[in-house]
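Notes follow once the structure below has been shown.
FYI, side chains are in, hydrogens and waters are out, and symmetry mates aren't considered; it's all heavy atoms of this structure. Convention: sequence-line order gives letters A, B, ...; per-chain numbering from 1.
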Number of protein chains: 2
Amino acid sequence: MDNQDIRKAGLKVTLPRVKILELLENSTQRHVSAENVYKMLIDRDEEIGLATVYRVLTQFEAAGLVTRQNFEGGYAVFELDRGGHHDHLVCVVCGKVEEFVDATIEKRQREIAKEHGFEIVDHSLIIYGHCGNPKCHVG
Amino acid sequence: MDNQDIRKAGLKVTLPRVKILELLENSTQRHVSAENVYKMLIDRDEEIGLATVYRVLTQFEAAGLVTRQNFEGGYAVFELDRGGHHDHLVCVVCGKVEEFVDATIEKRQREIAKEHGFEIVDHSLIIYGHCGNPKCHVG
DNA sequence: CTCGTAATGAAAAAGATTCTCATCACCATT
DNA sequence: AATGGTGATGAGAATCTTTTTCATTACGAG
Ligand SMILES: [Zn+2]
Ligand SMILES: [Zn+2]
Ligand SMILES: [Zn+2]
Ligand SMILES: [Zn+2]
């Protein structure tokens with residue numbers, strides 16, 4: 001994952017693109033919103049506009065470098081596409097995100113789509129719940 | 001599904017609430033956005049503000065009368081809760097929505113949550129694709 | 001090194017949803 | 001049926017996320 005990936009996407013290798021890609025690679029959280037990315041860049045004294053962050057993330061998504069997930073609450077999170085597809089478990093209290101892949105679910109989805117005459121383009125499966133952290137439990 | 005349901009939710013039986021509930025029951029499309037509801041009411045010469053539509057739909061959701069789905073594109077659709085949980089298939093071309101329930105998927109989700117130490121609160125599974133309509137196919 | 005074109009930043013715009021607040025209307029009580 | 005208290009409503013302002021506009025800047029091919 002380097003500047004060549006940016007070039008291969010048909011995009012110029014510019015400072016904002018390099019910095020955003022670096023940040024996605026080195027961030028402790030894999031799932032970040034555009035706002036997150038913007039603020040992290042500000043913290044690193046990078047003068048990159050929010051509009052550019054959105055533009056670049058959208059371009060990276062189109063290029064297959066990044067995946068976008070629409071979370072509850074009307075905002076999206078982005079993550080570096082490390083090859084494998086996966087779905088998400090999100091803690092509704094602390095926001096912790098875990099990933100999983102389940103062959104059975106993936107297979108059933110393909111079968112269901114077929115039964116309904118749909119040709120799958122994409123899917124989104126997000127399980128919301130309380131994570132293992134005691135602080136995130138009710139009562 | 002009538003005025004008693006509104007009362008049972010601890011809400012006063014007001015004209016906007018009655019009209020919105022009626023509309024959700026009689027609409028040809030089960031899955032409607034707040035904007036949809038607002039416009040349909042305007043078409044029926046009901047003078048109900050958009051803010052009220054949002055408020056009422058949110059209250060109906062809290063009362064369990066209505067379910068909210070966050071679709072791709074950053075907007076939500078609402079539908080009357082007819083008891084059974086179900087997931088969605090959405091055509092990315094014409095917007096057609098079909099519903100399904102799959103016991104295998106539901107079961108695997110519970111198992112996966114357990115494996116990760118999560119206590120499920122909710123989940124959202126949306127399969128995006130091209131529906132059977134020839135007009136919605138590529139090439 | 002030069003130049004054309006793509007990329008950027010700032011601000012405005014857009015789209016969805018929520019909030020504010022003055023006014024209005026349910027409905028329990030008289 | 002009239003009254004009053006409280007919850008509900010409408011209009012518009014405000015908020016939040018994302019996109020667009022446009023003048024300026026900077027890749028990178030030649
Ligand atoms: Zn948690
Ligand atoms: Zn992920
Ligand atoms: Zn279709
Ligand atoms: Zn549905």
| field | Polar side chain donor-acceptor pair, B:Arg55 to B:Thr52, under 3.5 angstrom | value | yes
| message | Regarding B:Leu15, tell me which of base, sugar-phosphate or nothing describes its non-hydrogen contacts under 4.0 Å with the strands shown. | response | nothing
| remark: Which of D:dG28, C:dC27, D:dT19 is nearest the side chain of A:Thr58? It is D:dT19
| Separation of atom CZ in B:Arg7 from atom P in D:dG7, rounded to whole Å | 16 Å
| task | Select from B:Phe78 and A:Pro16 the residue whose nearest nucleotide in DNA chain C is closer to the 5' end of that strand. | result | A:Pro16
| said: Does a side-chain N or O of B:Arg17 approach OP1 or OP2 of D:dT9 to a distance below 4.0 Å, or not? | reply: yes
| Salt bridge present between B:Lys114 and B:Glu111 (N-O < 4.0 angstrom) | no
| Quick one: CG on A:Leu57 to OG1 on A:Thr67, what's the gap to the nearest 0.5 Å? | 11.5 Å
| Spacing of A:Glu35 atom CD relative to D:dT15 atom C1', expressed in whole Å | 12 Å
| request: Verify the contact: side-chain N or O of B:Tyr54 to OP1 or OP2 of C:dT18, cut-off strictly under 4.0 Å; return yes or no. | output: no
| On a plain distance test, is the side chain of B:Arg55 in donor-acceptor contact with the base of D:dG7 below 3.5 Å? | no
| message | Using whole Å, what does the distance between atom C1' of nucleotide D:dT18 and atom CD of A:Glu61 come to? | response | 13 Å
| request: Give B:Thr52 one of three labels, base, sugar-phosphate or nothing, depending on what nucleic acid heavy atoms sit under 4.0 Å from its own. | output: base
| Distance, rounded to the nearest Å, where B:Leu50 contributes CG and D:dG12 contributes P | 12 Å
| task | Mind calculating the distance between OH (A:Tyr38) and P (D:dT19) to the nearest angstrom? | result | 16 Å
| query | So, are A:Glu22 and A:Arg44 salt-bridged, with charged N and O less than 4.0 Å apart? | reply | no
| Between CG on residue B:Asp102 and CD1 on residue A:Ile112, distance to nearest 0.5 Å | 4.0 Å
| Closest to side chain of A:Ala51, choosing from D:dG28, C:dA11, C:dC27 | C:dA11
| task | Between D:dA8, D:dT18, D:dG28, spot the one nearest the side chain of A:Val13, thanks. | result | D:dG28
| message | How many whole angstroms separate atom NZ of B:Lys12 from atom P of D:dG5? | response | 13 Å
| Is A:Tyr75 touching bases, backbone alone, or none of the nucleic acid, heavy atoms closer than 4.0 Å? | sugar-phosphate
| message | If I take atom CD from residue B:Glu72 and atom NE2 from residue A:His123, how far apart are they, to the nearest 0.5 angstrom? | response | 11.5 Å
| Candidates C:dA7, C:dG9, C:dC27 - which lies nearest the side chain of A:Ile48 | C:dG9
| message | For a quick check of understanding: with a heavy-atom distance under 4.0 Å over all strands, which category does B:Glu47 fall into, base, sugar-phosphate or nothing? | response | sugar-phosphate
| query | Can you tell me if the side-chain N/O atoms of B:Ser33 get under 4.0 Å from OP1 or OP2 in C:dA16? | reply | no
| Starting at the 5' end of DNA chain C and moving along, which residue's nearest nucleotide shows up first, B:Ala76 or B:Thr14? | B:Ala76
| said: Without decimals, in angstroms, what is the distance between B:Asn36 CG and C:dG15 P? | reply: 15 Å
| request: Send over the distance from B:Leu11 CG to D:dG7 P, rounded to a whole Å. | output: 12 Å
